[in-house]
Asks: 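Below is the structure I would like to discuss, written out as structure tokens.
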Amino acid sequence: MKTLKLCLLSVALLLSSAPAFADLNVFACEPHWAALVKAIGGEHVHVTSATGAYNDPHYIQARPSLIAKMRRADLLVCNGAQLEIGWLPVLLRQGDNERVQPGQPGNLDASRYVRLRQIPTSVDRSLGDIHPDGNPHIQTSPRNIAALAPELLKRMVALDPADAAYYQSHYQDFITRFDAAMAKWQQEAAPLKGMKIIVYHDGWVYMQHWLGLDVVGYLEPKPGIPPSPSHLAELLTQVKGGQVQGIIYTPYEDEQAPQWLSQRTGIPVALIPDTVGADNDPDLFSFYDLMVSQLLKLHGEAK
Amino acid sequence: MRFKFIGGLVTGLAAAACMNAYAAPQGGPTAFNPGIGLVLQGTYGSYASAAGNRQIPGFMLGDGAGLSPQGFALGESELDVDSNIDNLFYGFAALTFHDDHGQGSAEVELAYLETIAMPDGFRVRAGKFFSDFGYQNARHSHVWDFVDQPLAYEAMLNNQYSDPGVQVTWLAPTDTYLLFGAEAFSGDSFPAGGAAHSGNGANTLYMKVSEDVNDSSTWFAGLSYMSARSLNRPSLGTDPFDPNNSVIDAGPFFTGTSNISGADFVWKWSPHGNFYEKNFIFQAEYLHRNERGSVAASACPVGQVCGGSSYSDSANGWYAQGVYQWMPRWRFGLRYDHLGSNNTVTGAYQPAVLLGNGFAPRRYTAMLDFSNTEFSRIRLQFNRDESGAAPYNEVFLQYIVAMGAHPAHTF
């Protein structure tokens, strides 16, 4: 008993004097923020993302490996608006890291820097898994990425002033290229205006407004409730003759329901990642490139 | 060691006092209300009445052991309140409500505060809480994968050990999750008992380690040690004249120490971490206990000789379980429980419950559950229970629902 205590104490002393790195350790809840941090921070940041393009960000487990990463983070960047409510509070509490607690410069909640849509007037769980602060899937429009970028730069400079010049020049370079890309995407996507689509989960409202799409149905009967036969049958009668031009779903959503509806209606279906990191999709540019090209493809296939 | 922790706390307080709060827009006044959640549980139990007279040969049980009631029963309903208190502390309280055949009762199951902003990975918790001994002990009943706790927990930890106390943990700044913890408890509850220990009758030490194997698999392992002292600790008994099998405090009364060591291992798998789509959880624990002291037929005042017998045991228990969610919302689980005891009772008093040497209590469990959302679950469970002198079949039907705010679950 006594030796065990001594042993624990010596290990504790040994590890608590581990060297500190000058570079920023960044914990991103989602990969699009990791990509943005990398674009600004380059080689001066170590960035890790809790979720990936193949994860449903609502439902990951508060894995201890993430707690260990939270423990060492200087900056936390998340969508917010309760998207991560099922796991982030545990990581924050068990990560034992005062630098990234809410209210600290190391805690960046993106939802506070964009205009949230679909803020519900009434909240009831019988309506499904709705988010009382508004729709949290803000990354489906690049405008929201651009809206957060200056605040992210501000935080990175505040936390690591030694590399301020580096961050600023990288930020300038990125935002110039990103603005140009946004203009290009908008131009390419012009034919998509008014296009009627069905989506799996209500996670595309920002893309919808950005490109002027019209989301006419959801494969989920209610947010967070998986597609049921009765709901799909309802959708089937609803879309007949309704000129729906596409069905979209993400890599983490089951393909069965979208394929089923597509086969019975002839509406083309497309897999569109809702964040960075799927195959051949390493950064924010390729992510929105893929989104726009997949939508254009659907538009071309539709009768 | 104590000085280091106090030093850390003082540094933490000082550091936090110097920090500038970063201005963040706030919602309306409701944003300051604590999260309030209510968990409701109910069971229907079907088994032979005799199975309700819970005895596990070789083990003195605490008052928390036993099957959930026969027939319709309101299980433990729990009112949770949790919130950050300020920039230093987080608070959690759980009030539980029981209904035992029309006799209602409420108790403070948990009430603790915890630091959130200590430097260097330290965290202190104070209040009444579930010990982090082992893997299963600190898990709230509404996240259990089965209706009941493993036999080893029922026999050695009274299902779930909690008491007022203090916990200090330190999380290593390593890529591998590595946590060390120590706890000191009042020692009112089984396996401790009585008050001859100046308000500190149970202590634990533990470490936990975990790594992700890839984006689909994570393992988690722990080692734990608990030392508990008892003075006249009563054992679970049943009143043979009461048709409701009501529990009374009865002999044997134990005075002495219980030292329990535990090892736990958990493996969780889900495709690309999409737990919602599909997942598999394997969980196993091994507990070993040494009890040393005396047993008596009645509570014996301190300093008197009451004709008890000297007693020592070397007991062990383990379980292994697997739960597979093969499609969203539907899970299937299997569990196997095993206990073994080796008691030495020297003296005239030979309590029947300790004469279990050579008998290995065991139980086979199968479970099927459906969760409409993460807020509701319905479960059917079958036990082939060979923990007592005669084998029994037990069937349970259970619902668990959560209303309101609900703290995120730990791994």
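Letters go in sequence order (proteins before strands), and every chain restarts at 1.
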Asks: Between B:Tyr135 and B:Phe220, is the ring centre distance below 6.0 Å?
Replies: yes
Asks: Hey, are B:Tyr225 and B:Asn203 close enough side-chain-wise for a donor-acceptor pair under 3.5 Å?
Replies: no
Asks: Would you kindly say whether B:Tyr324 and B:Asn279 are connected by a side-chain donor-acceptor distance under 3.5 Å?
Replies: no
Asks: Shorter than 4.5 Å, heavy atoms on both sides: which option in B:Met403, B:Arg329, B:Glu277 has the most such pairs with chain A?
Replies: B:Arg329
Asks: In terms of heavy-atom proximity below 4.5 Å to chain A, should B:Thr218 be classed as side chain, backbone, both, or neither?
Replies: side chain
Asks: For the candidates A:Asp109, A:Ile67, A:Asp133, which exhibits the highest count of non-hydrogen atom pairs separated by less than 4.5 Å from chain B?
Replies: A:Ile67
Asks: Is there a donor in the side chain of B:His272 and an acceptor in the side chain of B:Asp215, or the other way round, less than 3.5 Å apart?
Replies: yes
Asks: Counting heavy-atom pairs under 4.5 Å with chain A, which one of B:Leu171, B:Asn372, B:Thr373 comes out on top?
Replies: B:Leu171
Asks: Mind checking what makes salt bridge (Lys or Arg N to Asp or Glu O under 4.0 Å) contact with B:Asp145, not counting sequence neighbours?
Replies: B:Arg331
Asks: Looking only at side chains, do A:Asn79 and A:Gln139 share a donor and an acceptor under 3.5 Å apart?
Replies: yes
Asks: Looking at A:Gln256, I want to see if its CD is surrounded by more than 12 non-hydrogen atoms of other residues, nucleotides or ligands under 6.0 Å.
Replies: no
Asks: Which residues pass the salt bridge (Lys or Arg N to Asp or Glu O under 4.0 Å) test with B:Asp80, sequence neighbours left out?
Replies: none
Asks: Is there a salt bridge (Lys or Arg N to Asp or Glu O under 4.0 Å) between A:Arg72 and B:Asp175 once you walk through the steps?
Replies: CA-CA 9 Å; A:Arg72 298 198 292 165; B:Asp175 276 337; 2.3 Å; yes
Asks: What are the residues of residues 87-96 of chain A, in order of number, with any heavy atom under 4.5 angstrom from a heavy atom of chain B?
Replies: A:Trp87, A:Pro89, A:Val90, A:Arg93, A:Gln94, A:Gly95, A:Asp96
Asks: Would the A:Tyr200 and A:Tyr249 ring centres measure less than 6.0 Å apart?
Replies: no
Asks: Where on A:Ile85 is there a heavy atom nearer than 4.5 Å to chain B: the side chain, the backbone, both, or neither?
Replies: backbone
Asks: Please check if the distance between the ring centroids of B:His140 and B:Phe92 is under 6.0 Å.
Replies: yes
Asks: Measure B:Lys268 against the heavy atoms of chain A and call it side chain, backbone, both or neither at under 4.5 Å.
Replies: side chain
Asks: Go through the side-chain N and O atoms of B:Glu211 and B:Thr176 and say whether any donor and acceptor fall under 3.5 Å apart.
Replies: yes
Asks: How would you list, in number order, the residues of residues 224-232 of chain A that have a heavy atom less than 4.5 Å from chain B?
Replies: A:Gly224, A:Ile225, A:Pro226
